[in-house]
Each structure stands twice: as structure tokens, then as C-alpha cells.
Amino acid sequence: MSELVEPILDWYDAHARDLPWRREGASAWSVMVSEFMLQQTPVVRVLPVHEAWLERWPTPADLAAESSGEAVRAWGRLGYPRRALRLHAAAVAIVEEHAGVVPDSYDVLLALPGVGDYTAAAIASFAYRQRHVVLDTNVRRVLGRTVSGVEFPARSVTKAERLVAAELLPADAPTAATWSVAVMELGALVCTADRPRCESCPVVTLCAWHGAGRPAYDGPARTVQTYAGTDRQCRGRLLAVLRDAPGSVPKTQLDAAWDLADQRERCLASLLADGLVVEAGDGRYALP
DNA sequence: GAAGCGTGGCG
DNA sequence: TCGCCAAGCTT
């Protein structure tokens with residue numbers, strides 16, 4: 001076992017946040033919902049939506065029985081609403097193909113809509129205590145710093161990274177699962193992207209990056225997504241109108257949500273293509 | 001492999 | 001203020 005493992009497991013034991021999907025008795029569905037919501041969205045914003053979601057739809061079958069539009073509405077302002085559509089589709093697949101039970105196999109999970117490598121490994125690890133390499137942005141940053149001595153990882157996962165993560169993964173399955181969530185938590189609370197709190201880090205004396213004097217990142221520029229004025233913002237505005245309306249809305253109401261007609265029409269078309277919006281007839285629009 | 005996809009908080 | 005960031009997935 002690497003000398004990193006024990007200090008990080010001990011640190012997690014002492015400092016882990018008490019999150020609903022981590023509690024004893026949390027269902028695999030609760031874990032799965034949390035993983036979808038946490039894709040690119042901070043924990044604090046996920047908490048209330050996750051709680052309401054599980055209250056309303058305690059099982060995949062409960063969600064599958066509703067229209068996908070209700071999922072989009074309940075998603076609220078978490079962002080990337082296609083995730084809501086995919087979570088609904090995954091619930092339908094779980095009911096139709098897996099007897100309503102969240103699959104415990106990485107490969108089966110990976111075949112579900114909206115489930116990629118990270119989410120499949122996370123559900124198998126955190127809900128079923130299996131042993132998988134869980135590589136999210138937190139884990140990649142922590143291992144990049146402690147093991148490789150670089151402030152930020154590459155754009156995409158490299159073979160070398162996967163190898164490092166695999167070698168560190170404890171042999172015992174439940175311990176491996178705890179290790180994965182522990183490293184993620186360390187990345188989220190201490191080994192943060194901006195202003196890491198090295199003084200609070202349990203492995204600061206072992207950290208290659210810290211030991212090298214915390215050298216500044218010198219890799220390729222990390223792209224920053226623009227937002228204001230983009231199609232993304234326009235889509236968000238249009239969808240917000242539909243989310244906040246009880247039923248369908250006339251086109252004029254959508255027109256009022258965005259000034260530039262060309263962009264507005266393009267975004268409405270893309271929302272329709274994505275299945276996030278449907279035509280309700282009579283020139284009206286609604287959630288699916 | 002790069003681009004596209006929301007939203008809000010923080011320094 | 002506004003750039004930067006937050007448990008990725010799909011095409």
C-alpha cells in the first residue's frame with residue numbers, strides 16, 4: 001500500500017462531509033441521482049434538489065412513470081438539463097431492462113444513458129462497495145500534485161494517470177471504495193484547484209508538487225468557457241420560461257426571453273432536437 | 001480529440 | 001467587476 005493511502009483514509013474519517021447519499025442505508029438510486037447531479041455542479045447546489053428528487057421519486061420506477069418533462073422541471077437550475085433527460089431515460093431503462101434495480105455491474109451501468117466511465121465507476125464503488133478506478137477531476141488533481149508534481153492534470157485522462165490510480169487503489173474492495181471517495185473529498189475540500197489549503201493537507205510532506213515548491217502550471221492554456229451571449233445562455237433562458245410555466249406557453253412568451261431572433265430560433269430548434277422542448281400545437285411550446 | 005452543453009458563487 | 005471554477009457525457 002502506498003504511504004499516501006492511510007493518511008488520506010484517516011483524514012477522510014475525521015473530515016468527511018455528512019452528505020445524504022453517503023449515509024448508511026442510502027439507496028443505490030440515491031447515489032445514482034447524486035452522481036448525475038454532481039456532474040459539473042457543486043455539492044451545495046445539489047443538496048436541496050437531490051432531497052426533493054428522492055422524496056418525490058424514491059425509486060427508478062417512480063421517476064420512469066412520469067414524463068421526462070417533469071424531470072426537467074424538477075431539475076430546476078442545476079444546469080445542463082440534458083442530464084435530467086438522461087437520468088429519466090436511465091430510469092426507464094432500469095425498469096424495462098433491469099427489473100427496476102440500479103445495476104451493480106460497471107459495464108451494465110456504462111450502457112445507461114448519461115453514464116460514462118466516471119459515473120459507472122462511482123456508482124459501482126459508492127453504492128455497491130466494489131473496487132474500481134474512480135477518476136474524476138478531484139482525483140486527477142490530487143494524484144497529479146502528490147504523485148506527479150504537477151499543479152493541474154492534462155485535458156483528458158492519460159494511460160499513465162490511470163496506471164497511477166490503479167496502483168494506488170487498495171486491494172480490498174470496500175477499502176478501495178472508501179479510498180476513492182476520500183481522495184475526491186480531499187480534492188474538494190483541501191487540494192482545490194484555486195488556493196489549495198496545503199497547511200491542512202494530511203499528505204503535504206509526501207506531496208511532489210508541494211515538495212518542489214508548488215511550481216506554477218506551465219502546460220497548455222486551460223480553456224475557459226464563455227457564457228454571456230452564448231447559445232448556452234439563450235437555451236437556458238428559453239428553458240427557464242417553460243420550467244416556470246405550469247403548462248404550454250405561446251411562442252411570443254419565448255420571443256420575449258431573448259432579443260436576437262436568429263439566435264433565439266436556432267436555440268429553440270436545438271432544444272427541440274434535444275428533446276428538452278416539444279411543440280404543443282397552435283404555436284405553443286412545452287416541456288416534454 | 002475538441003467542442004458543445006447551464007448556472008451561480010466567490011475573490 | 002468578471003474570470004474562474006464545480007463529482008462529465010455525448011457527438
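Numbers restart at 1 for each chain; the letters A, B, ... are given by sequence-line order, proteins then strands.
- If you take CG of A/D274 and P of C/dT10, they are 13 Å apart, rounded to a whole angstrom.
- Nucleotides of DNA chain B nearest to A/R195 and A/Q233 differ in position, and the one nearer the 5' end is that of A/Q233.
- The same atom, P, is picked in C/dA7 and in B/dC5; the two are 22 Å apart, to the nearest Å.
- Counting any heavy atom pair closer than 4.0 Å across all strands shown, A/R243 reaches sugar-phosphate atoms only and no base atom.
- For residues 76-95 of chain A, proximity to DNA chain C is found at A/R86, defined as any non-hydrogen atom under 4.0 angstrom from a strand atom.
- A/L239 belongs to a hydrophobic cluster whose other members, connected by ILVMFWY side-chain contacts under 4.5 Å either directly or through intermediates, are A/V72, A/L85, A/L238, A/V241, A/L242, A/V249, A/L254, A/L268, A/L271, A/L272, A/L276, A/V277, A/Y285, A/L287.
- We find that CE of A/M184 is positioned 11 Å from C1' of C/dG8, with the value rounded to whole Å.
- Comparing B/dG8 with C/dC9, their P atoms are spaced 23 Å from each other, to the whole Å.
- Comparing A/R155 and A/L276 against DNA chain B, the residue whose closest nucleotide sits nearer the 5' end is A/R155.
- Contacts between residues 127-143 of chain A and DNA chain C, defined by a heavy-atom separation under 4.0 Å, are made by A/D136, A/T137, A/N138, A/R141.
- Across the protein-nucleic acid pair, A/R232 atom CZ and C/dA6 atom C1' stand 13 Å apart, rounded to whole Å.
- For A/R237 and B/dC5, the CZ to C1' distance is 17 Å, given to the nearest whole Å.
- Across all strands, A/W21 comes closer than 4.0 Å to base atoms (heavy-atom distances).
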Check step by step if side-chain contact (heavy atoms from CB on, under 4.5 Å) holds for A/W21 and A/L47.
CA-CA 10 Å; A/W21 47 87; A/L47 282 168; 3.7 Å; yes

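- Set against B/dG11, C/dA7, B/dC5, the side chain of A/R235 has B/dC5 as its closest nucleotide.
- Among residues at least two apart or in separate chains, ring pair (Phe, Tyr, Trp, His ring centres under 6.0 Å) pairs with a member in residues 94-126 of chain A are A/Y106-A/H132.
- For DNA chain C, the neighbouring residues in residues 105-126 of chain A, judged by any heavy atom under 4.0 Å, are A/P113, A/G114, A/V115, A/G116, A/D117, A/Y118, A/T119.
- When atom types are taken as modelled, the side chain of A/R232 and the backbone of A/Y80 share no donor-acceptor pair closer than 3.5 angstrom.
- Side chain of A/T41 to main chain of A/L78: a donor-acceptor pair is present (N/O by atom type, distance under 3.5 Å, no hydrogens or angles).
- The nearest whole Å value for the distance from the CG atom in A/L189 to the C1' atom in B/dC10 is 16 Å.
- Heavy-atom distances under 4.0 Å link DNA chain C to A/P42, A/V43 of residues 42-55 of chain A, given in residue order.
- Taking the ring centre of A/Y12 as origin, the terminal cationic atom of A/R17 falls outside the region bounded by 6.0 Å and 45° from the ring axis.
- Checked against salt bridge (Lys or Arg N to Asp or Glu O under 4.0 Å), A/E151 has no partners two or more places apart in sequence or in another chain.
- Partners of A/D104 under the salt bridge (Lys or Arg N to Asp or Glu O under 4.0 Å) rule, at least two apart in sequence or in another chain, do not exist in this structure.
- Using modelled atom types, one side-chain atom of A/S105 and one backbone atom of A/D107 make a donor-acceptor pair closer than 3.5 Å.
- No side-chain heavy atom of A/E35 sits less than 4.5 Å from a side-chain heavy atom of A/L109.
- Remark: A/T119 pairs with A/Q39 by the side-chain hydrogen bond (donor to acceptor under 3.5 Å, both in side chains) rule, at least two apart or across chains.
- Enclosure of atom CD in A/E55 is not indicated, since only 12 or fewer non-hydrogen atoms of other residues, nucleotides or ligands lie within 6.0 angstrom.
- Counted within 6.0 Å of CD on A/E265, heavy atoms from surrounding residues, nucleotides or ligands total more than 12; the atom is thus considered enclosed.
- Annotation for A/D244: atom CG counts as buried by contact number, over 12 foreign heavy atoms lying within 6.0 Å.
- Within residues 24-40 of chain A, the residues that place at least one heavy atom under 4.0 Å from DNA chain C are, in residue-number order, A/E35, A/L38, A/Q39, A/Q40.
- If you take NZ of A/K159 and P of B/dG1, they are 10 Å apart, rounded to a whole angstrom.
- A/E66 has no carboxylate O lying under 4.0 Å from a charged side-chain N of A/R73, or vice versa, which leaves the two without a salt bridge.
- Applying the salt bridge (Lys or Arg N to Asp or Glu O under 4.0 Å) test to A/R82 and every residue at least two apart in sequence or in another chain returns A/D274.
- The salt bridge (Lys or Arg N to Asp or Glu O under 4.0 Å) check on A/D255 picks up A/K251, A/R264, with sequence neighbours excluded.
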